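To keep things clear, I will list the structure first and then write my remarks on it.
None of these values were measured; they are calculated from a predicted model. Indexing begins at 1, ligand by ligand and atom by atom, following the structure's order.
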Amino acid sequence: MVHGAAEIATPAGCAARSGRALGEIQVLRAAAVAVRDGRIAAVGPEAELRARFEPERELDARGGTVVPGFVDAHTHPVFDGTREDEFELRTRGASYLEIAAAGGGILSSVRGLRAASEEQLLARLRVRLDRFLEHGTTTIEAKSGYGLTTADELKSLRVLAAAAARHPVEIAATFLGAHDVPAEHRDDPARYVDLVEREMLPAVASAGLAEACDVFVEAHTFGLEASRRILARAQQLGFTLRLHADQLSLLGGARLAAEFGARSADHLEFVDDAGAEALAAAGVTAVLCPLVPLYLRQEREAPARRLVERGVPVALSTDFNPGSCYLQSLPQVLAWAALRYRFTAAEALTAATLNAAASLGRAHRLGSIEAGKEADLVVLDVPNHLHLVYELGRNAVRAVVKGGRVVLEREPAAPILGARGPGGSNGAGVR
Ligand code: NIG
Ligand code: FE
């Protein structure tokens, strides 16, 4: 039993929420969660649950806030070296595309990944999974895409499978062989599209190492026709689809995602109204990455509020990767979504839990704190869910439960700062 929460805050249901429903969450005060066999048995007033259950083990939330485990719907966590030199170049005025055109960017991570052994990559990934967990993330979508040969893509996906087997963070693996055209195919990019279509996709499918296929749809990587070929073949082989769409230009990636009934269209900084309408009509989730334009010093941001108003289900993600966003904390992303997109705390919470889970086909078992769902919970050292976006920069995660198991527990900071009533300050106070 998880008890002693000042608040349990959660979206409800087994499907993505959009429009006004995005911000409609349930907030239970003085409540508890009963967990049995890895699943949530009941949620409700603590006294009521105490009358019904005799817990074998208790986790005291100590006046904190309990939310569903965060779900990060877009990450690129399999790589070797980091790219802080490129960050510095951008500080001095270079652009992401200029750096890529000069052989840096994705291709620099490709060189690193090809040179690294499976063991090396696994060791690095494990550390990164620990970090996700420390920030309250219990499930990630994770892409390959720094190998760009059949062998190196399979190597990346095997690393994901090996890590998933031994780490509490759940991984939804995505094949992203169409991340960029590798150096050895730059003279004839069509040859690389053939390779993805005819060799990589069937190999990944028969190895059973990925559930989804992603394409970086952009003029300098994979145009609409090349993307269509790859997506059609992937769909034929049974992959669900996710797209890097309209991130750096308005090429029509969102409309392509709608055309194929993709699970998600991601980034969308340049999406137009027609693209947004297509996404809404096709029920494609927009996975937004609000820190990426900041990190790339790109002015254009996704029209997040307009997407919500048009009825597109919206999820939030870090886009964790070594180039365009070296960040693993979803709480930071939530705060940024509030500051830049004017998402309320409740909207941001839904986007990073239930809607993200829905985009991964997991909303029936993850993404909310409701009886019957798997017990993925985060105990935060904050007095209410508004602190999710109000408080910047502190990791307030005190405990994490994945599948009913306490997988992380830290010493509490007592008392919880900002708590109303004894032990904390009121709304006007500062401590
Ligand atoms: O999501 N857009 C393409 N892929 C990544 C960047 C990857 C990289 O720069 O290594 C992204 O931003
Ligand atoms: Fe990405």
Side-chain angles (χ1 to χ4, degrees), residues 72-90 94-114 116 124 128 140-148 152-153 156 172-183 212-223 227 230 241-249 251 253-254 257 262-271 285-298 300-302 315-328 330 333 356 359-360:
D72 199 335
H74 183 140
T75 81
H76 306 248
V78 191
F79 55 89
D80 191 37
T82 50
R83 289 170 20 210
E84 59 276 28
D85 50 333
E86 295 180 5
F87 186 97
E88 199 73 5
L89 287 172
R90 287 194 301 276
S95 77
Y96 183 69
L97 284 177
E98 282 163 7
I99 292 167
I106 293 170
L107 291 191
S108 113
S109 291
V110 169
R111 290 188 291 273
L113 185 131
R114 288 179 179 178
R124 298 221 187 277
R128 293 173 192 143
I140 62 168
E141 182 268 7
K143 304 171 197 300
S144 65
Y146 292 121
L148 311 189
D152 289 302
E153 286 297 303
S156 305
T174 297
F175 164 66
L176 179 55
H179 197 189
D180 203 349
V181 177
C213 171
D214 191 344
V215 175
F216 189 9
V217 185
E218 204 67 55
H220 74 288
T221 49
F222 300 89
S227 299
I230 295 167
L241 305 178
R242 321 181 71 79
L243 275 70
H244 281 72
D246 299 329
Q247 178 187 2
L248 304 170
S249 65
L251 193 70
R263 278 267 170 80
S264 73
D266 303 32
H267 289 285
L268 299 173
E269 278 79 0
F270 283 84
V271 74
T285 297
V287 176
L288 305 180
C289 319
L291 263 304
V292 172
L294 173 74
Y295 207 85
L296 295 181
R297 296 185 180 76
Q298 172 190 314
R300 185 79 170 235
E301 297 184 314
L316 289 169
S317 74
T318 58
D319 189 20
F320 171 59
N321 75 77
S324 66
C325 204
Y326 194 60
L327 168 86
Q328 294 193 246
L330 268 174
V333 173
S359 86
L360 299 175

How long is the span from the CD atom in E301 to the CG atom in L288, to the nearest 0.5 Å? 10.5 Å
Do any N or O atoms from the side chain of E153 and from the backbone of G145 form a donor-acceptor pair under 3.5 angstrom? yes
Show me, by chain and number, every protein residue that has a heavy-atom distance under 4.0 Å to ligand 1. H74, H76, R83, Y96, I106, Y146, H179, F216, H244, Q247, H267, D319, N321, G323, S324
S144 side-chain N/O to L176 backbone N/O, donor-acceptor pair under 3.5 Å: yes
Is it true that D319 and H74 share a donor-acceptor pair across their side chains at a distance under 3.5 Å? yes
Considering all heavy atoms of both residues, which atom of G147 and which atom of D152 are nearest to each other, and what is their separation? CA-CB, 3.4 Å
How about the Fe ion (ligand 2), which protein N, O or S atoms come within less than 2.8 Å? H74 NE2, H76 NE2, H244 NE2, D319 OD1
Shortest non-hydrogen contact from L296 to G323? CD2-O, 4.5 Å
Take V287 and E141 through the test side chain to side chain contact (heavy atoms under 4.5 Å, CB included) and record every step on the way to the result. CA-CA 11 Å; V287 176; E141 182 268 7; over 6 Å; no
How far apart are the C-alpha atoms of H267 and D246, what are their side-chain angles, what is the distance that settles it, and do they pass the side-chain hydrogen bond (donor to acceptor under 3.5 Å, both in side chains) test? CA-CA 7 Å; H267 289 285; D246 299 329; over 6 Å; no
Compute the centroid of each ring, for F87 and then for Y295, and state whether the two points are separated by less than 6.0 Å. yes
